[in-house]
Amino acid sequence: MKSTINLKALLFFYFSAMTIITSYLPIYFQESGLTGRQIGFLLAVGPFAAMIFQPFWGFLIDKYKTAKKILILCIIGAICASLFLFQSLPYYLLIFAVFIFYTFLAPVGGVSDSLAQKTANRLSITFGSIRLWGSLGFAIMSLLSGFLFARIGVEYIYLPFILFCLVTLIFAFRVNDTETSTKKSIHLKETIKLIKNKHYIFFLFIMLFITITHRTNDHFLGIYIVDKGGTESFIGWAWFIGVISETFIFATASYWFRKYHPLTFIIFSGVFFAIRWFIMGMIQNPILVLPLQVMHGLTFGVFYLCAFHFITKLVPKELQSTGHLLFYSIFFGFSGMIGASIGGLIIDNISVTYLYLLISIVSFTGAVFMAVYKQVFFHPRNHQLL
C-alpha cells in the first residue's frame, strides 16, 4: 500500500483536474461567444498537440529511465500554460494557447497510467486497482463541479483546475520512479520497431473506429445535455454516474479480467458503445441520460483496461513507455481531434442527435473489424493468445 499511495493520490487529483477540462471547457468556450465550429476546431487542436508530443514524452522516459521527472515537467508546464489560456484572448491566440496547454497537460495521464501499469506488474496486482483512483477523482469532481459552476459560473473554470494541478504536482515529487529490468539505453531509430510491429499498428488503426466515438462524446456530452434542456448540474451528475461505473469495472478486474482474451472484451465493449450511442441519439429528455451513463463502465472501462494490458504485451519492454504513450496519443489525441472537428461540423450543420446516431454505426463497425483482427492474428490455432 505504501508503495502505491502517492501514485494513487496523483491519479486522483490529476483526473479531478481533468474533469474540469473535459466536462466544462466546451461550455466555457460556448459562453465566451464561440460558435460550434470554432469550439470543434479548438477541441481538435488539443488532441492534435497530444498526438504529436505524447510519443515524444514516452521516448524520453524509455531513453532516460525516468517517468517522475517527465511528470513533474509536464505538470508545471500545464499550470503555466493555463495562466495564459484562461484570459480574454483573440481567437488566433486562443488556438496557440490551447496547443501549448495540451502539449503539457495531455501526457500526464498517459505517463501516470504507464507508471501504474509497470507498478502493478512489479507488485503482481491489477492495473485497475491503481487506476480506479483516477476514476474516483474524476467521478467525485464531476459531481461537485456541477454544483460549483451552477453557483459561481463556468467563467471561473481556472480556479479549481489550477488548485488540483498544484496538489498533483506535490504528489508527483513523492511517487516512486520507473523501475526497469533493463538498463539498455534506446535511441530514436529503435522506435522503428513499433512501426514494424504489424499486430500493434493494426490494433491502433482498428481501435480508432471505437475510440473516435468515445472521444466525440467526451467533447460534446455537455453540449448534448444543454441541447436537450439540461443544466450544468445535469452534466456533473452524468459524468459522476458514468465514472463511478468505470471505477466499479476497474475495482473488480481481478474477478473477470483474465477469464477471456482481452480482445474478446474489447469487441464486447465496442458493441455496447454502439448500443449506448444509439439510445442517446433517440432520447429527448436529458434525465434519461443519467441511468444510461451506467453503460460507461461496460464501454470505456472495459475497453481501456483491456486495451492497455494488450498493448503492454505487444511492445518490447525497453519501448514500453513509448508504446503506451503512442497508444494514449492515438486514443485521446488523434481520436479526439477527429471527433471534435467532425462533431462540431455535424452539430452546426445538422444536429447533435444525428451525431450520436452516426457514431453508433461507426462503433459497431469497429467491433466487427476487431473481431476479424482477433480471428486473423489471435485465433487459438496460431498459439498467440496473450
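The first residue of the sequence shown is numbered 1, and numbering continues consecutively from there. Keep in mind that what you see is a predicted model, and the values were worked out from it rather than measured.
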_Test side chain to side chain contact (heavy atoms under 4.5 Å, CB included) on Phe171 and Tyr14; report intermediate values, then the result._
CA-CA 10 Å; Phe171 284 105; Tyr14 166 72; over 6 Å; no
*CA sep, side-chain torsions, deciding dist, call: Met207, Phe331, side chain to side chain contact (heavy atoms under 4.5 Å, CB included)*: CA-CA 8 Å; Met207 81 170 193; Phe331 194 138; 4.1 Å; yes
*Kindly determine whether Phe369 and Phe205 satisfy side chain to side chain contact (heavy atoms under 4.5 Å, CB included), including the steps that lead there.*
CA-CA 10 Å; Phe369 285 166; Phe205 174 74; 5.9 Å; no
_Determine whether Phe161 and Phe101 satisfy the following criterion, ring-ring contact (aromatic ring centres under 6.0 Å, His included), listing intermediate values before the conclusion._
CA-CA 12 Å; Phe161 172 77; Phe101 178 66; 5.4 Å; yes
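Taking the six-membered ring for Trp and thresholds of 30 and 60 degrees, Tyr304 and Phe300 have nearly parallel ring planes, at less than 30 degrees apart. The aromatic rings of Phe303 and Phe273 sit perpendicular, their planes meeting at an angle over 60°, well past the 30° parallel limit.
Checked against the 6.0 Å centroid threshold, Phe220 and Tyr356 do not count as a close aromatic pair. Taking the centre of each ring, Tyr373 and Phe202 stay at or above the 6.0 Å mark.
For the pair Ser335 (side chain) and Leu208 (backbone), a donor-acceptor distance under 3.5 Å is absent. Here the side chain of Glu246 pairs no donor or acceptor atom with the backbone of Gly242 at under 3.5 angstrom.
Connection of Val368 to Ile266 is not established within any shared hydrophobic cluster, with ILVMFWY side chains joined at heavy-atom distances below 4.5 Å, either directly or through further cluster members. Hydrophobic cluster membership is shared by Val372 and Phe209, with clusters built from Ile, Leu, Val, Met, Phe, Trp and Tyr side chains linked at under 4.5 angstrom.
Note that the CG atom of Leu73 and the CD1 atom of Ile70 stand 6.0 Å from one another [nearest 0.5 Å].
Residues Thr312 and Lys118 bring no donor and acceptor atom of their side chains to less than 3.5 Å of each other. Trp277 and Thr213 share a side-chain donor-acceptor pair at under 3.5 Å.
Only one option out of Asp218, Thr211, Asn217 pairs with His214 in a side chain to side chain donor-acceptor pair (under 3.5 Å); it is Asp218.
Under a cutoff of 6.0 Å and an axis angle of 45°, Arg131 and Phe15 form a cation-pi pair.
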